[in-house]
Each structure stands twice: as structure tokens, then as C-alpha cells.
Amino acid sequence: MSMSREQAAEVARLEAEAQAKAAKHVANMLARPDQLEKVHQLTWRVSRKKASVEAMLKTAMQSQLDGVRTGLNQLEKALLDISDIKSCMVDMEDALGGVGEYWDRLREVREENLRHSQLATAKENLKHIFTVPETVAKTELWIEEGKLLAAHQSLVDLENSRDDLLFELHRLGHNNTRDRDLLKEYFEAVNDLSSKLEKQLGFTLLRTFATVRKSPRELVTALRIIEREERSDEDCLAKQKQTGFLPPGRPKKWREVCMDKLGQSVEQKMEGNQLEGREENKMWLVRHLEVIRMLMLEDLRVAKHHLVTVFPPRYNIAQHCISLYHRVVATRLQDIIEEGLEGQEYVSLLQWVLNTYPGPELMGSTALGLEKNLIPPLLTDAAVKRLTSSYLGNMRDNYTSWMTNTIRQEKEDWCSDRDPDMDFDGFFHTSSPVIIYQMVDENLQVSNTISPELVYQVLLLCIEQVTKYGHMYKSAIQEYKASYFRERSSLSLFTRYMIAIINNCDRFEVLSQEMKSRWWKPGHHDNDGAGKFELLLKTFQEIRLESVNYLLDEAFLDIEAYFSDLLTAKWQTGSQAIDTICATLNDYFEDYQFLKPTNFELVISCAQNRVARKYITAMLQNNLLRRKITFTSQEERKSAAVKIRTEAAQCKSFFKDVAGDMADFDSPFDTVATLGEVLSSDDEMLSLELGTLCKRYPDVSHEQIFCLLLLRGDLARGEAKQLTSEFVMEGGIANRTLHARSILSQVNVTSSLTDKLNPFAS
């Protein structure tokens, strides 16, 4: 075959490329002089490679030729086979040409054969056909007497006779149903027998757990009959696929029906063992669940040790009973939940679901031998979560009721003429902290019997509710204080109950810490819980501080007028205001002996701060109702400064006598004395004293220094403002960096005209 011009050109191009590559390859091999000595070796190597390639090509070509030869031989053989088949087909067509004639001639033979078959079937079943009423009566008697195997055999004979006759009718293939209906009517009693036997077997399966221990043979008989009927169902279905005929009443599915009866018996047991309702017995649910546990454990034990030996292996009866009880009990509990739970019923149900059911008392019992990880949960996680949420909601409602009652009782105690309770150490208190935390501890103990997760949820709820009680407590205290100050004679024991309230706040903090140390488990959302716990402590700390101020308000109400005498003309001529203030406070402090030591220290600290604050305010603030003295000479300023330092030392000594060294540490009256030194300093030392004041008390304000300079009386307003600004900028303090705050940070004064004319200025 000649090549085209394009193919020839392509071959020429490929040859040229091959020659160019070969020349390049030879040039690379002979690039160095020493490689010329290896020309012979290179030539031999190339020759061997060429011979190898040629041999491979020859082998490949020979292989292809052999394949082509084999294929041609097979095609030739196939052609001969086709020719033979064609010849045979022609012969068969010729032979079958006359079959149609023989089909018509043999029609009568076919009809006679069908009649013979029907008559043979009728002859075989004549005995059963003529004795149907007698056999039915005998079978009914056997069923009533419990002879189920004999009754079943008789029933099978009757059904076989009926089915054989119906099948012969089915083979006729015509649509006339008269004969079929006649047969069915004649054998109608057979269907009734089948139903009666089915009911008897169902009744036996209803009493499975009792029957297997008292009369296992009865149960075995029932299972043998069921198995026979299952095989008959399979045979009938297989025959239907082949012939299209299915006997009436098939498939019976007696195994399915009887296993449903077993399930019904379990359902009746679970629903029927509720002995009483909530109205008759508050513990009805506990008793109901315990009966369920006892029945379930006993029946599952029977299933494992007795039913397994009776039921066929393919029933897997032990696992079936476990699954059956699991489903029935879960449904029963769901019904109980939907009907509604109250109070401790939530606890009883959660304990039973989460602990009793999977625990050694039931599914985890050694008598059952189940692996713990294979025991399914009785309720879904969502159902348990809803139940837990309802339980917590019920607990929240109970807390609201309990706390409301506790607050009401607390208010009644406050308004009574009876002293507060006293502990073993002689400190006043009321019962509210113990009552509240008894509730908390009881709820936590109960939740601990359910699960650690629930303990944490209950703990958070308790913290929230105690915090809520703190707000209720705070509002009640505010109402109590307001009522007292409206009419002080109406509440004769106000002081003592305020002392009890302050001690209560301390008790709340102590009980809260004890609760945390006992029930707090690290790793359960610590950030969330820690924040709520800190809020709880802060709430009662604020209540305690606020109550301390209410307690002191009573005392300071009696001495308020004496602070108005300070730094006035009356004070300058020999007022005994500080003596009266200290004496009055001492009388009140004697009643404060019923405070716990830490609370007593807090009261003393707040009292001395309030005295110092009012003294400093009296020095620096001026208003229309109280005119301060005006100093006209350095001697008057020195004399006033001496009196100020003396009274400061007197107050400091008084509080030290009352509270010991605690009152001496960082006493606010040292600040009063320092202000007195600034007041008495001469013009040359004034700047130095002001510098010392700002250094010692970095929180001193511009207004405080300005008012102090105006108190001196030797500086004009403009000069005083300019000198003040050299140390503290207007509107600021001496040093804004982080320092311990002194009593000056609690004193608010102003030199503006409006506040100067305002008698109610701070």
C-alpha cells in the first residue's frame, strides 16, 4: 500500500529528527579525547541494543499474527455451527406443523384428566367432608380441655381438606364462584376453630412468666403449635408465588399475634400495679416505682433462666423481654410525666430513671448479667432535660414561697417586744440565715442522690435565690428603718434588731462559704458560678454596710445639733460639743456589745469616719444656718488650731478606748489635726504646711484647700484661689495616682455662692 504525500513527508521528517538526535548523541559520547578509546565498546553496545529491539519487534509481530490466525479459525467454526442450527430449526418447524391438529383431537382427554383429578381429590377428602361437624365438635372439646396438640392436628386436617378442594376449583380457572362460596360456607366452622385456638394460645402467652414456672409443658405446646403455623404460612406463601392460590385466613401470623399478647401482659402489669393515687398517699409514686422495679427484675430474671430454655433460639427471648420492658416502662413514665408531677415527685422520678434503673437494683443486677455500657437510657436526653428543668422550676417556686414567708416572719420579729435570739457567744441574731440555708442544704443533698450535673445546676439556682433573698432582705430593712425614723417610739427594739441584722449578714457570708466548700466541684463552668457567688457575697456585704449606717443614723440623730456648734463663736468660747458627742456615742456603743467582733469593728470604723467627716465639714463648709467664726489675728488662729488638735486627740482617744488599737490605726482624726496645723501656720510656713498636707493626703481636693485658706481669714479670695492652684488644679485632687484614700475623699465641700447660701449643702 503506497503512502500519501503527507505521510511520506511525515516519515522523512521523523527520519531527519532521528538522525539529528543520533548525531547529537554520538557527539556527546565522543566529546572528550579519552572517550575515543571506547568507540569499540560503544559500537558493540549499540549493536546489542539494536538486535534486542529487533527481536522484540519480531516477537510482538508474531504474537499478533497468532491472534489473528486463532480468531479466523473460531469465526470459521462459528459459521459451521450457525449453518447446523439453521438446518435443525427448519426440521423442527416441519415437525411441529401438525401439532395444532393433535391439540384439538386431545381436548376430550384433557377434560377427562381434570375430572379424574378432582374426583381423586374428593375421594381422598370424603372422610373429612362427611365428618366435618363431628370433627369440629371434637376439636372444640379438646381446646376446652387444654389438649391443644390434638386439637391443632384435627384443625390442620380440616384445613388441608378445605384447601385441597379450593385449590382444585382454582385450577379450573373459570370465574364462577358458586362452588367456591359453597365450600367456604361448608367449612366456615373451621375458621371459628382457628380463632378459638388462637385465643387459647394468646391466653397462654399472656401468662408466660407464671406459666413457665408452674407448667412449662403448656407453654412449650403453645410454642410448638405456633412454629407449625409459621411453617404453614411460609409454605402457603411459596405456593401462592407458583400457582397464585392462597388459602383463606393465610398467613395467620400467630407468632406475631402471640408476641403482641406477651407485650400486652407486660403493659397490664406496669399500668395495673399503681396501688393508690396522690390523694390517698403522698408517697404513691415511690411505691409505684418500687413495685415496677420488683416485678421487672423478677420477670427479667425468669426470662434469662427459664424462658430461654423454652423458646426457640431465634426468638432471642431474653433480649426481647428486656427491650419489651424497657419500652413499656419508658412509656409508663412518660405518661406519669404528662399527667403532671408535684413537689418531691420530681426527685423520686429522676432518682429512679438515672440511678435505680441502670444501677445494681435493676438493670445492673448481677442476676441479669448485663454489661453496663449496653443498658440504654430509660428516657431520652431531651426528656431528662425537660424533667430537670421542671424540677428546677418547681424548686424556684418553692424558694419564692419560703423566702416570702421567712421575710414576713422576720418583719414580725422586728416589730415585736421580744429581744432577738442570742447565740452561745452572746451575739444577737435571727433565724433567717439558718432557715434559708437549711432549705439550700436539703435541696443540694437531694440533688446529690440524682447526679453531679444536677448538683451544680441546683447550686447555681440556690446562689441565685439566696441573692434574690438578699434583695428582699434589703428592701425590708429599708422599710424598717424608714418606719422607725418616722416614729421612733413605735419600735422600741430597733437598735437590737439592727444589731441582729448586721450579725445575720455576717452569718450569711459564713454559710455561703461553707456551702461553696462543701458542694462546689471545680471544672463545672467555674466562671459563671464564680461570678454569681461573688455577687451573692457582695449583696450581703452591701446590706451589712448599709445596716451599719442605719444603726449609726440613730445615734447621730441625737448628736447632729452638736456638730453645728463646731467652729462657731460658741465653740470658741468653750463649747462642750465634743464631750457630749463622745458621751452620747459611748452610751450607744454599750448596746453594740451584742455585735460580733468583726461587725463591731466595722461599726466603730464607720462611726469615727462619720465623726471626722462631720468635723472636717464643720471646719470647711459655711451656710446660712451656721456661720463659722472669722479669725482676725494669728493668735486666734493658733488658739483655734490648738482646740482642734485637742478635740481630735480626744476623739481619737475615745475611739481607742472603745475599740482598742484598731481605732488607732490610720485614724481619720490625724487628718483633722493636720488641718489644724495648716490653720495655725504663719505666712512663711503656710506653703510648706500645704505641701506637707498634699503629700500626706494625695486625695485632698482643690475646694478643700481653698475653703481651709478662706477659714484662716488672712487671705483675700483671689489670693487664696491662686495659692490653692499652685498645689492643686481647680476641680482636681493633689495626686491622681493610685494611693490609699483618706477621710478627705469622703468630705464634699464647696466655696461657690450658691452652696454657700444653701443651708442643706454637704
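Below, each value reflects all heavy atoms present in this structure, side chains not excepted, and no hydrogens, waters or symmetry copies.
By the 4.5 Å heavy-atom criterion applied to side chains, Pro597 and Phe427 are counted as neighbours. At a threshold of 4.5 Å between non-hydrogen side-chain atoms, the residues Trp414 and Pro420 do not count as touching. Side chains of Arg314 and Glu227 form a contact here, defined as non-hydrogen atoms less than 4.5 Å apart. Counting heavy atoms from C-beta outward, Thr539 and Lys468 have side chains that stay 4.5 Å or more apart. Here the side chains of Cys321 and Leu307 are in contact, with some heavy-atom distance below 4.5 Å. Contact of the Met296 side chain with the Met363 side chain is registered, since non-hydrogen atoms from C-beta on lie closer than 4.5 Å. Residues Lys261 and Gln264 meet the side-chain proximity criterion, which asks for heavy atoms closer than 4.5 Å. Residues Trp519 and Val458 form no side-chain contact, since every pair of their non-hydrogen atoms from C-beta on lies 4.5 Å or further apart.
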Quiz item: Can you list the steps and then say if Leu491 with Cys415 is a side chain to side chain contact (heavy atoms under 4.5 Å, CB included)?
Solution: CA-CA 6 Å; Leu491 299 171; Cys415 298; 4.1 Å; yes
Quiz item: Please walk me through it: do Trp284 and Glu345 pass side-chain hydrogen bond (donor to acceptor under 3.5 Å, both in side chains)?
Solution: CA-CA 9 Å; Trp284 71 273; Glu345 293 171 2; 2.9 Å; yes
Quiz item: Between Lys596 and Asp425, is a side chain to side chain contact (heavy atoms under 4.5 Å, CB included) present by the stated rule, with each step listed?
Solution: CA-CA 9 Å; Lys596 293 183 178 181; Asp425 297 320; over 6 Å; no
Self-check item: Chi angles and distances behind the side-chain hydrogen bond (donor to acceptor under 3.5 Å, both in side chains) call for Glu442, Tyr437
Solution: CA-CA 8 Å; Glu442 287 174 3; Tyr437 273 97; over 6 Å; no
Practice problem: Starting from the C-alpha separation in whole Å, work towards a yes-or-no answer on side-chain hydrogen bond (donor to acceptor under 3.5 Å, both in side chains) for Asp413 and Gln409. | Solution: CA-CA 6 Å; Asp413 291 342; Gln409 182 61 47; 3.1 Å; yes
Quiz prompt | Check against side chain to side chain contact (heavy atoms under 4.5 Å, CB included), Trp352 and Val347 | solution = CA-CA 8 Å; Trp352 203 87; Val347 177; over 6 Å; no
Practice problem: For the pair Gln478 and Lys474, evaluate side chain to side chain contact (heavy atoms under 4.5 Å, CB included) and give the outcome as yes or no after the intermediate values. | Solution: CA-CA 6 Å; Gln478 291 172 345; Lys474 183 177 182 179; 3.7 Å; yes
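Side-chain N/O atoms of Tyr550 and Glu546 include a donor and acceptor closer than 3.5 Å. Between the side chains of Asp558 and Thr584, no donor-acceptor pair of N or O atoms lies under 3.5 Å. Side chains of Asp299 and Tyr325: a donor on one and an acceptor on the other come within 3.5 Å. No side-chain donor-acceptor contact under 3.5 Å links Asp419 and Tyr497. Side-chain atoms of Glu464 and Tyr399 form no donor-acceptor pair, as typed in the model, at a separation below 3.5 Å. Side-chain atoms of Thr467 and Lys532 form no donor-acceptor pair, as typed in the model, at a separation below 3.5 Å. When only modelled atom types and interatomic distance are considered, Trp254 and Glu230 share no side-chain donor-acceptor pair under 3.5 Å. With no hydrogens or angles considered, a side-chain donor-acceptor pair links Arg332 and His288 at under 3.5 Å. Using a 3.5 Å distance cut-off with no hydrogens or angles, the side chains of Tyr473 and Glu410 do pair a donor with an acceptor. For the residue pair Asn504 / Arg507, no side-chain donor-acceptor distance below 3.5 Å is found, with atom types taken as modelled.
Between Glu554 and Tyr588, the shortest heavy-atom contact is O-OH, 3.7 Å. Across every non-hydrogen atom of Met403 and Ile436, the tightest pair is CG-CD1, 3.9 Å. Heavy-atom minimum distance, Pro376 versus Tyr357: O-CE2, 3.8 Å. Summarising the geometry of Ile501 relative to Ser547, their closest heavy-atom pair is CG2-OG, 3.6 Å, with the distance given to 0.1 Å. Closest heavy-atom contact between Ala318 and Ala303: CB-O, 4.4 Å. Looking at every heavy atom in both residues, Ala330 comes nearest to Leu379 through O-CD2, 4.2 Å.
For the pair Arg207 and Glu218, the salt-bridge criterion is met [side-chain N within less than 4.0 Å of a carboxylate O]. Electrostatic pairing of Glu298 and Arg213 counts as a salt bridge here, judged by a charged N lying under 4.0 Å from a carboxylate O.
Around the CZ atom of Arg217, the shell of radius 6.0 Å holds no more than 12 heavy atoms that belong to other residues, nucleotides or ligands. Heavy atoms from other residues, nucleotides or ligands lying under 6.0 Å from CE of Met422 number more than 12. Environment of CZ in Arg224: sparse, with no more than 12 heavy atoms of neighbouring residues, nucleotides or ligands closer than 6.0 Å. More than 12 heavy atoms of other shown residues, nucleotides or ligands fall within 6.0 angstrom of atom CZ in Arg518. Annotation: Asp397, atom CG; neighbour count of heavy atoms from other residues, nucleotides and ligands within 6.0 Å is above 12.
Taking the centre of each ring, Tyr592 and Phe600 stay at or above the 6.0 Å mark.
In this structure a side-chain-to-backbone donor-acceptor pair under 3.5 Å is present from Asn281 to Met283. With hydrogens and angles ignored, the 3.5 Å screen pairs a side-chain donor or acceptor of Thr404 with a backbone N or O of Thr400. Judged purely by atom type and a 3.5 angstrom limit, Lys304 uses its side chain to pair as donor or acceptor with the backbone of Leu368. Judged purely by atom type and a 3.5 angstrom limit, Ser512 uses its side chain to pair as donor or acceptor with the backbone of Phe508. Without hydrogens or angle criteria, Thr309 side chain to His306 main chain gives a donor-acceptor distance under 3.5 Å. Using a distance-only test at 3.5 Å, with no hydrogens or angles considered, a donor-acceptor pair links the side chain of Asp233 to the main chain of Lys253. Listed for the Glu280 side chain is a donor-acceptor partner under 3.5 Å among the backbone atoms of Gly277. For Ser365 (side chain) and Glu361 (main-chain N/O), no donor-acceptor pair under 3.5 Å exists by modelled atom type. In terms of modelled atom types and a separation under 3.5 Å, the side chain of Asp506 and the main chain of Ile502 share no donor-acceptor contact. Remark: side-chain polar atoms of Ser483 are not paired, donor with acceptor, to backbone N or O of Tyr480 under 3.5 angstrom.
In this structure Tyr391 satisfies the ring pair (Phe, Tyr, Trp, His ring centres under 6.0 Å) test with no other residue, sequence neighbours excluded.
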Show the atom names and distances, to 0.1 Å, of all donor-acceptor pairs under 3.5 Å that link a side chain in residues 444-451 to residues at least two apart or in another chain.
| from | atom 1 | to | atom 2 | distance (Å) |
| --- | --- | --- | --- | --- |
| Gln445 | NE2 | Asp441 | OD2 | 2.5 |
| Ser447 | OG | Asn443 | O | 3.2 |
| Ser447 | OG | Leu444 | O | 2.9 |
| Thr449 | OG1 | Gln351 | NE2 | 2.3 |
| Thr449 | OG1 | Val446 | O | 2.4 |
| Ser451 | OG | Leu454 | N | 3.2 |

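Expressed to the nearest 0.5 Å, how far CG of Leu552 lies from CE of Met498 amounts to 9.5 Å.
Cation-pi contact between Lys516 and Trp520: present, with separation from the ring centre below 6.0 Å and deviation from the ring axis of at most 45°.
Note on ring orientation: taking the six-membered ring where Trp is involved, the planes of Phe485 and Phe494 are perpendicular (angle over 60°, cut-offs 30° and 60°).
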